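As the structure is a computational prediction, the values presented were derived from the model and not from experiment. Counting starts at 1 for both ligands and their atoms, following the listed order.
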Amino acid sequence: MLSRSIFKRLSKNLLSPRVQARVQTRNLAIHECYSHDILRKYGVDVPRGAVARTGDEAEKVAHNLKTDDLVIKAQVLAGGRGKGHFDTGLKGGVRIIYDPIEAKMFADQMIGHRLITKQTGAAGKPCNMVYVCERKYIRKEYYFAILMDRQNKCPVIVASSQGGVNIEAVAAENPSAILQRLVPNKPTLDTRIAKELVDELGVSPQCKAQAVDTITKLYKVFNDTDATQVEINPMAETTDQRVLCMDAKLKFDDNALFRHKDLLALRDESQEDPDEIRASRCGLNFIKLDGSIGCLVNGAGLAMATMDIIKLHGGEPANFLDVGGSANAEAIREAFGLIVKDPKITAIFVNIFGGIVRCDVIAQGLISVVSSMKLNIPIIARLQGTNQEAAKEVIANSGLRIFSFDELDEAASKACRFSRVVEMAREADVHVNFELPL
Ligand code: GDP
Ligand code: MN
């Protein structure tokens, strides 16, 4: 059991908001071109354009747009494409071009390569298609987003008159330039609210009516599709006095996807982590994080608590991993395989609650997996619940270096200590033998 004082400290949300969001919410994100298709269906004004998967297709699309003012946009599920670069050195995932031949040229350089942006990490994400659009002349760029606010249990509209590619900088340096407004959880947005927002943003008088209309329609998209995010950056006022949604990043609540099969079909697994996909196929809920302590836990709540307590003891979890209720040997084998793939791992913390499953059965599974893998990583196991004593005995008699603990606090603190030892040994290039079996 957790002691009261630990529990109190745990409830302070030790994990960063980014990590919390990653493990607590899973959202389907779709490409800009598909987001635009949805907006078009709702009568929202977006640039004319179409997607292409080869250079020749891009040239054709550009040709059919019948204008020499064009933009070519890498379809990669990440923000910051404009300022990103490809692994080939090519600058910019969004390029202004003036000719269908240029569309082909850039498409050939983008497709099949990885785009690195400030949101993708160093590995970047693969670009398998480009979106070729007519280029509109922007007079003013706004940021506009509707998000689901988990804390307040209602949508929140976040908007700024200083939209464009540097919205993160605006948020950091000049937060007062970003307005936030909670809106009632209703199927439609009150026109009064839309009007107030448009006034507050300082939209030009000639564009006000269309801006109100656009915002109202975007809210309808948000509601109808069970979206968790409808983000338009930039929402632009063009020189011909139209309000255009130039970029669109839509995300949908995974728990509502059963009623949106059409959206589910737009999922692009090439943009996701292959290990996370493999894990989900095996019924494991696995999310990679930046730390060094591998976690293998059953139950999402226990997994969160495990990560928290690792942080509390100064460690960093390498992953969130919920092996599910059954936690059978097969699941444990898959889970270990995923954890040890990460070269940063310095310890593995197995924290299993034996409720329906028996701890001794899990211990057997653990032993069979561990003894078949040649690991030089300390394993800390806390198996609590049904048959826990038998489990400890099985582990003690296995001749393997699995360190058993009853208390969560002690187990976590040992995991962190072992992890530091391994880290220091690696840094000093000294061999510490955790090799299994003894
Ligand atoms: P992001 O960098 O991933 O957010 O990609 P965006 O689609 O927002 O494109 C980056 C920037 O390129 C935008 O903020 C605009 O300033 C510019 N941009 C995108 N589409 C157009 C367009 O049709 N016309 C003009 N003039 N600029 C555009
Ligand atoms: Mn954008």
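By the 3.5 Å distance cut-off applied to N or O atoms, Arg81 is counted among the residues near ligand 1. In terms of polar-atom proximity, defined here as any N/O pair under 3.5 Å, Tyr137 makes no such contact with ligand 1. At under 3.5 Å, not a single nitrogen or oxygen of Lys83, backbone or side chain, sits near a nitrogen or oxygen of ligand 1.
Exactly one residue among Ile362, Asn298, Leu284, Val350 makes a side-chain contact (heavy atoms from CB on, under 4.5 Å) with Ile332. That residue is Ile362. Partner of Leu250 under the side-chain contact (heavy atoms from CB on, under 4.5 Å) criterion, chosen from Asn27, Val221, Thr225: Val221.
Every atom of ligand 1 is numbered from 1 in the order shown, and the set under 4.0 Å from a heavy atom of Glu32 is 7 (O). Listed by number with element, the atoms of ligand 1 under 4.0 Å from a non-hydrogen atom of Asp247 are 1 (P), 4 (O), 5 (O), 6 (P), 7 (O), 8 (O). Close contacts of ligand 1 with Gly82, meaning ligand atoms under 4.0 Å from a residue heavy atom, involve 1 (P), 2 (O).
Distances shorter than 4.0 angstrom do not occur between any heavy atom of Pro47 and any atom of ligand 1. Distances from ligand 1 to the non-hydrogen atoms of Cys133 include no value under 4.0 Å.
For atom 18 (N) of ligand 1, the protein comes within 4.0 Å by no heavy atom at all. For atom 11 (C) of ligand 1, the nearest protein heavy atom lies under 4.0 Å away.
Looking from atom 27 (N) of ligand 1 to the surrounding protein, the closest heavy atom is Ile138 CD1, 3.5 Å. Counting protein heavy atoms only, atom 20 (N) of ligand 1 is closest to Lys73 NZ, 3.8 Å. The single protein non-hydrogen atom nearest to atom 21 (C) of ligand 1 is Met246 SD, 3.6 Å, given as residue, atom name and distance. Summary of contacts: the protein heavy atom closest to atom 9 (O) of ligand 1 is Val94 CG2, 3.6 Å. Atom 13 (C) of ligand 1 has Pro234 CD, 3.7 Å as its closest protein atom, hydrogens excluded (heavy atom only). The shortest contact between atom 16 (O) of ligand 1 and any protein heavy atom is with Glu141 OE2, 2.6 Å.
Here the angle at the Mn ion (ligand 2) defined by O in Asn233 and OD2 in Asp247 stands at 100°, rounded to 10 degrees.
For the residue pair Asp253 / Thr228, no side-chain donor-acceptor distance below 3.5 Å is found, with atom types taken as modelled. Between the side chains of Thr54 and Asp56, no donor N or O sits under 3.5 Å from an acceptor N or O. Side-chain contact of Asn174 with Ser176: a donor-acceptor pair under 3.5 Å is present, judged by distance alone.
A salt bridge is defined here as a Lys NZ or Arg NE, NH1 or NH2 lying under 4.0 Å from an Asp or Glu carboxylate O, and Asp108 with Lys104 meets this definition.
When heavy-atom distances to ligand 1 are checked against a 4.0 Å cut-off, Lys136 comes that close only through its backbone atoms N, CA, C and O. Only the side chain of Lys249 comes within contact range of ligand 1, with a heavy atom under 4.0 Å; no backbone atom does. In Asn233, the part holding a heavy atom less than 4.0 Å from any atom of ligand 1 is the backbone.
The shortest non-hydrogen separation linking Ala347 to Ile380 is CB-CD1, 4.2 Å.
In this structure, the ring of Tyr131 has its center no less than 6.0 angstrom from the ring center of His31.
Under a 3.5 Å cut-off, the side chain of Thr346 and the backbone N or O of Glu423 do not form any donor-acceptor pair. Side-chain atoms of Glu141 never come within 3.5 Å of backbone atoms of Gln162 as a donor-acceptor pair (strictly under, hydrogens ignored).
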- Task: Decide salt bridge (Lys or Arg N to Asp or Glu O under 4.0 Å) for Glu32 and Lys249; before the verdict, give the C-alpha distance in whole Å, the side-chain angles of both, and the deciding distance to 0.1 Å.
- Result: CA-CA 6 Å; Glu32 174 189 33; Lys249 292 184 166 65; over 6 Å; no
- Message: One pair to check against side-chain contact (heavy atoms from CB on, under 4.5 Å): Ile157 and Leu182. What are the steps and the verdict?
- Response: CA-CA 6 Å; Ile157 292 178; Leu182 296 173; over 6 Å; no
